[in-house]
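Note on naming: letters A, B, ... go to the chains in the order of the sequence lines (proteins, then strands), and numbering restarts at 1 for each one. Just so you know, these numbers use all the heavy atoms, side chains as well, and skip hydrogens, waters and symmetry mates.
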Amino acid sequence: MATVKAIFNEYESMDGKQVSLSGWVRNHRPQKAFGFINLNDGSFFETIQVVYEEALENFETIKKINIGSALNITGKVVLTPNRNQPFEIKAEAVEIEGESNEDYPMQPKRHSREFLRKNAHLRPRTNLFTAVFRVRSILTHAIHTFFEERDFVHLASPIITASDAEGAGEMFKVTTLKPQDFKKDAPFQDDFFGKATNLTVSGQLQAEIFAQAFRNVYTFGPTFRAEASHTSTHASEFWMVEPEMAFCDLAEDMDNAEAFVRFLVKRILEKAPHEIDFLNKFVDKGLRAKLEKVIEADFVRMTHAKAVAVLKDANVTFENTPDPLGDLASEHEKYLVKHFDGPVFVTDWPKDTKAFYMRLNDDEKTVAAMDLIVPGSGELIGGSQREERLDVLKKRMKEMNVSEDELWWYLDLRKYGTTKHAGYGLGFDRMLMYVTGVANIRDVIPFPRTPNNCEF
RNA sequence: GCCUCAGUAGCUCAGCUGGUUAGAGCACUUGACUGUUAAUCAAGGGGUCCUAGGUUCGAAUCCUAGUUGAGGCGCCA
C-alpha cells in the first residue's frame, strides 16, 4: 500500500507507476464523463487528486460518493506539470470501504471554530486540525529529544497526589466514596487512600526529589486545575513540561528555558514545513516570520522592578496601574511583548506574588522567579530557583500557611545534601498555540476539558 | 467568579426603528456540463427564529428570567 506522503516525495520518478491507496474523501467534483476526488490518507497534509472516468464499471456509483467516505483506490501516477498540481492518480479501480451519509457535517468550506469544537470527533479531518495535531505530535517528540540530547532523565510524576500544598489553584478531588459516606470529622478516613487525594497541579515537587539524585530531570504529563477560568489560554486538563536541575541558578535556568523554546521552534520549522505554511497563510500571517525571529534573537531579560518602570514610562493608560509590589496584569504582559517584539523574561518578583518554594533574594523582598511571556499565549513558562536553605524555607512555609507535616519529604531534601537548584514549567498547550498561531487553547487540545465541557 | 456580546435552515449569515406565507450563499436531492481545484449552471426539499413568561390587534424583532456559546478581566501554565 502506497501513502500519499511517499508519492509526494517521489512522484517525479513514478510516472505511469501503478499504486494502491486508501483514504477519505475531502472533496469531490463529479462531471458528466469523469470526476475528481481529493483524497487524504492521513499520512500527509496535502490531499492527492484522483481522476476517474466513465470506463470504470462502477462509474455511476462513484459519482455519488459523498465527502467523508472511505475509499480504496488503485491507479496510475500521471505527471501533470501544466495543471494546478504536479501529478494526479488516474483511477483503475475505486472501491468504497465505508460510505459517508449525505448529512456529513464537514463541508469543503470554512467552518467556525465553535462549530468544530462541537464536532471534535470530526474536526481532525479538517485542514486546520490536521495541521495543528500533527504539529502537536511533532512537538511532543521534540520535547523528549531536547532533554534526551542533554542527558536529562525523564520521570513520570504521579497524577494522584495527597499534597494540596502548592497553591497553584483549585484541585480536583479523587475519591471512591459516595457522598453519603463522608464522615463529618474525618471525611477521608475510609477513602481509598485513607486520606484526601487530588489530581496533580504540578509534578515539580517530585521532580525536585529526582533532581537531587539524577541532577537533571524532567516530567512531561497531564496536570489539572479546577479553576473556573473562562479564557482562551486556560484548560482544566493540560500538559506541562517541568525540568528540574540541581547545581543550577536562576540565570542558568533561563538559559535552559531559552534554548528549549528555541529548539522546539526550530524543530517545528524543520519537521512541519507544510503545516507551518498553511498556518502562516490561513491562521496567522506573521507566524513564520515570528518563529524565525525567535530562533535568531536573544530573549529580553529584565527584573520585575525594571518591567514596572518600563510600563510606567509607557505612553499608554492601563486599566491596572503597574505595581512594584504586585503581579503584572495581562494588559501589561501584552504591552511588554509588543514593546520588545518577542518573548520576554521577567525575573525577581515580589515575594508575595509567588509560591513558597521560590528562593528568597538577598533583598528579602523579592524571590528568584522568572516568567517567560510571549505574544498570544501569555505566560508560557513560570520558573524559579528553589529555596534550598532549610531555615528560610520553613519560615516561608509558615508565612504562607503551608503545612510542614504534609511536606516532610520535601523538607528532608534540604537536610541531606541540599544543593542550589532551579526549574520551570512550560505549558505544552500554550507552546503549541505559540508555534501554530492558533488563538484558543481549546483548538490545540484534541478533546479539551473546560468548565462545563467534558464531551467526547 | 465578575463584565460585555451573541443564539434565525446541516453550515456561514442577512432580516431586528413590531405588520401578509422568514431569506441568501454553501451543503443535500434531481438534472446539465469532455479537466475540475471551496468547479460552474438550473430546479427542488429543508425552520421549535435557544427556552419560558410578558407587552401588543399582531413578536424572529420590544421587555423579564433562564440556558448555551463567545470575548474580556481575575487566577495560572
- Judged by modelled atom types alone, do A:Glu97 and A:Asn72 share a side-chain donor-acceptor pair under 3.5 Å? yes
On the nucleotide [N], are OP1 or OP2 found under 4.0 Å from the side-chain N or O atoms that [X] carries?
{"X": "A:Arg26", "N": "B:A38", "result": "no"}
{"X": "A:Asn119", "N": "B:G10", "result": "no"}
{"X": "A:Thr233", "N": "B:A77", "result": "no"}
{"X": "A:Thr231", "N": "B:C76", "result": "no"}
{"X": "A:Ser112", "N": "B:U12", "result": "yes"}
{"X": "A:Asn66", "N": "B:U29", "result": "yes"}

Show the distances under 3.5 angstrom between N or O atoms of the protein and N or O atoms of nucleotides 23-27 of chain B.
| unit_1 | atom_1 | unit_2 | atom_2 | d |
| --- | --- | --- | --- | --- |
| B:G25 | N2 | A:Lys109 | NZ | 3.0 |
| B:C26 | O2 | A:Gln107 | OE1 | 3.4 |
| B:A27 | O4' | A:Gln107 | OE1 | 3.1 |

Any N or O donor-acceptor pair linking the side chain of [X] to the base of [N] at under 3.5 Å?
{"X": "A:Ser330", "N": "B:C73", "result": "no"}
{"X": "A:His230", "N": "B:C73", "result": "no"}
{"X": "A:Arg225", "N": "B:A77", "result": "yes"}
{"X": "A:Glu227", "N": "B:G74", "result": "no"}
{"X": "A:His111", "N": "B:C11", "result": "no"}

- In a check of side chain to side chain donor-acceptor pair (under 3.5 Å) between A:Tyr357 and each of A:Glu387, A:Arg386, A:Gln204, A:Glu388, which one passes? A:Gln204
- Query: Among all residues two or more places apart in sequence or in another chain, which pass the side-chain hydrogen bond (donor to acceptor under 3.5 Å, both in side chains) test with A:Asn440?
  - Reply: A:Arg442
- Do the ring centers of A:Phe87 and A:Phe8 come within less than 6.0 Å of each other? yes
- Message: Using a heavy-atom cut-off of 4.0 Å across all strands, would you classify A:Ser377 as base, sugar-phosphate, or nothing?
- Response: nothing
- Taking A:Val132 as the fixed residue, which of A:Asp443, A:Thr126, A:Val438 is the one that meets the side chain to side chain contact (heavy atoms under 4.5 Å, CB included) rule? A:Val438
- Item | Positive for side chain to side chain contact (heavy atoms under 4.5 Å, CB included) with A:Lys266, one of A:Ile295, A:Val261, A:Leu291 | A:Ile295
Could you state the [atom1]-[atom2] distance from [X] to [N], rounded to the nearest angstrom?
{"X": "A:His121", "N": "B:G10", "atom1": "NE2", "atom2": "C1'", "result": "13 Å"}
{"X": "A:Lys90", "N": "B:U36", "atom1": "NZ", "atom2": "C1'", "result": "16 Å"}
{"X": "A:Asp323", "N": "B:G74", "atom1": "CG", "atom2": "P", "result": "13 Å"}

- Message: Centroid distance below 5.5 Å plus an interplanar angle below 30 degrees: do A:Phe36 and B:G35 meet both conditions?
- Response: no
- Task: With RNA chain B as reference, determine whether A:Phe428 or A:Ala228 sits nearer its 5' end, using the nearest nucleotide of each.
- Result: A:Ala228
Determine the Euclidean distance between corresponding [atom1] atoms of [M] and [N]; express it in Å to zero decimal places.
{"N": "B:G7", "M": "B:A60", "atom1": "C1'", "answer": "11 Å"}
{"N": "B:G18", "M": "B:U30", "atom1": "P", "answer": "45 Å"}
{"N": "B:G25", "M": "B:G46", "atom1": "C1'", "answer": "15 Å"}

Give each protein N/O atom lying under 3.5 Å from an N/O atom of nucleotides 30-34 of chain B, with the pair distance.
| unit_1 | atom_1 | unit_2 | atom_2 | d |
| --- | --- | --- | --- | --- |
| B:C33 | OP1 | A:Lys32 | NZ | 3.2 |
| B:C33 | OP2 | A:Lys32 | NZ | 3.3 |
| B:C33 | N4 | A:Lys32 | N | 3.4 |

- Query: Say you draw a straight line from CZ of A:Phe152 to CZ of A:Phe220; how long is it, rounded to the nearest 0.5 Å?
  - Reply: 15.0 Å
Nucleotide paired to [N] in any strand shown, Watson-Crick or G-U, under 3.5 Å:
{"N": "B:U12", "answer": "B:A24"}
{"N": "B:G19", "answer": "B:C57"}
{"N": "B:C5", "answer": "B:G69"}
{"N": "B:C41", "answer": "B:G31"}

- Kindly determine whether A:Asp253 and A:Gln385 satisfy side chain to side chain donor-acceptor pair (under 3.5 Å), including the steps that lead there. CA-CA 8 Å; A:Asp253 196 34; A:Gln385 190 170 333; over 6 Å; no
- Should the pair A:Phe146 and A:Phe260 be assigned to parallel (<30°), tilted (30 to 60°) or perpendicular (>60°) ring geometry? tilted
- For the residue pair A:Tyr335 and A:Phe318, does the interplanar ring angle fall in the parallel (under 30°), tilted (30 to 60°) or perpendicular (over 60°) class? perpendicular
